[in-house]
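Shown next, in structure tokens, is the structure this report addresses.
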Amino acid sequence: MAYKRTPVFDQDSLPAGLRREHRTKAGVWALIHVLEGRLLYRCLDTSEEQVLTPAMPGVVWPEQPHDVQPLGPVRLFVEFHAAKPLEGAPHAGQVLPE
């Protein structure tokens, strides 16, 4: 369950800070919801790019450097979730959503 959510942004109101490299805090992951249009989501540590749409949200893992760019008119918001370590797993340091 999300503990925080941004307002709905469009291509004009999307903050400059989201358009350049940024990251979530330790222990926080995010879900990018595109309501209308398309948004380019880039993971800067892996060089992966994904076009987000209403049918394809984006997941941002804790502390993952990324940026986003509107691809024309777009409306979106971001939900923030607390993450916890997966206990007892071979990769106990891995962080998974609650």
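Everything numeric here is computed off the predicted structure, so don't read it as measured data. Excluded from the calculations below are hydrogen atoms, water molecules and symmetry mates; all remaining heavy atoms, backbone and side chain alike, are included. Counting begins at 1 with the first residue of the sequence.
To the nearest 0.5 Å, atoms CG (D67) and SG (C43) are separated by 9.5 Å. Rounding to the nearest 0.5 angstrom, the gap separating the CZ atom in R38 from the CD atom in Q11 is 13.0 Å.
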Give the table of side-chain donor-acceptor pairs shorter than 3.5 Å for residues 46-53, with sequence neighbours excluded, one pair per line with atom names and distance.
residue: T46; atom: OG1; partner: E48; partner atom: N; Å: 3.4
residue: T46; atom: OG1; partner: E48; partner atom: OE2; Å: 3.4
residue: T53; atom: OG1; partner: A55; partner atom: N; Å: 3.3
residue: T53; atom: OG1; partner: M56; partner atom: N; Å: 3.2

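The ring pair (Phe, Tyr, Trp, His ring centres under 6.0 Å) test applied to F80 returns no partner, not counting sequence neighbours.
Between the side chain of T24 and the backbone N or O of E63 there is at least one donor-acceptor pair closer than 3.5 Å. In this structure a side-chain-to-backbone donor-acceptor pair under 3.5 Å is missing from H81 to A30. Remark: side-chain polar atoms of R19 are paired, donor with acceptor, to backbone N or O of L14 under 3.5 angstrom. Of the possible donor and acceptor atoms, none in the side chain of E79 sits under 3.5 Å from a partner among the backbone N and O of I32.
Note on L40: it does not cluster hydrophobically with V78, by side-chain heavy-atom contacts below 4.5 Å among ILVMFWY residues. Hydrophobic clustering places V68 together with V28 (ILVMFWY residues linked when any side-chain heavy atoms are closer than 4.5 Å, directly or through intermediates). Under a hydrophobic-cluster definition in which Ile, Leu, Val, Met, Phe, Trp and Tyr are linked whenever side-chain heavy atoms come within less than 4.5 Å, directly or via other members, V34 and W29 are assigned to different clusters.
Listed by first then second residue, pairs satisfying ring-ring contact (aromatic ring centres under 6.0 Å, His included) with a partner in residues 32-54 read H33-F77, Y41-H66, not counting sequence neighbours.
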- Item | Check against side-chain contact (heavy atoms from CB on, under 4.5 Å), L35 and V8 | CA-CA 9 Å; L35 302 172; V8 173; 3.9 Å; yes
- Stepwise side-chain contact (heavy atoms from CB on, under 4.5 Å) test for L18 and F9: CA-CA 11 Å; L18 299 182; F9 299 118; 4.1 Å; yes
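Nearest heavy-atom pair, R23 versus Q64, reported as atom, atom and distance to 0.1 Å: CB-O, 3.5 Å. Shortest non-hydrogen contact noted between G27 and P62 is N-CB, 3.9 Å. Shortest non-hydrogen contact noted between G37 and P54 is O-CD, 3.5 Å.
D10 has no carboxylate O lying under 4.0 Å from a charged side-chain N of R75, or vice versa, which leaves the two without a salt bridge.
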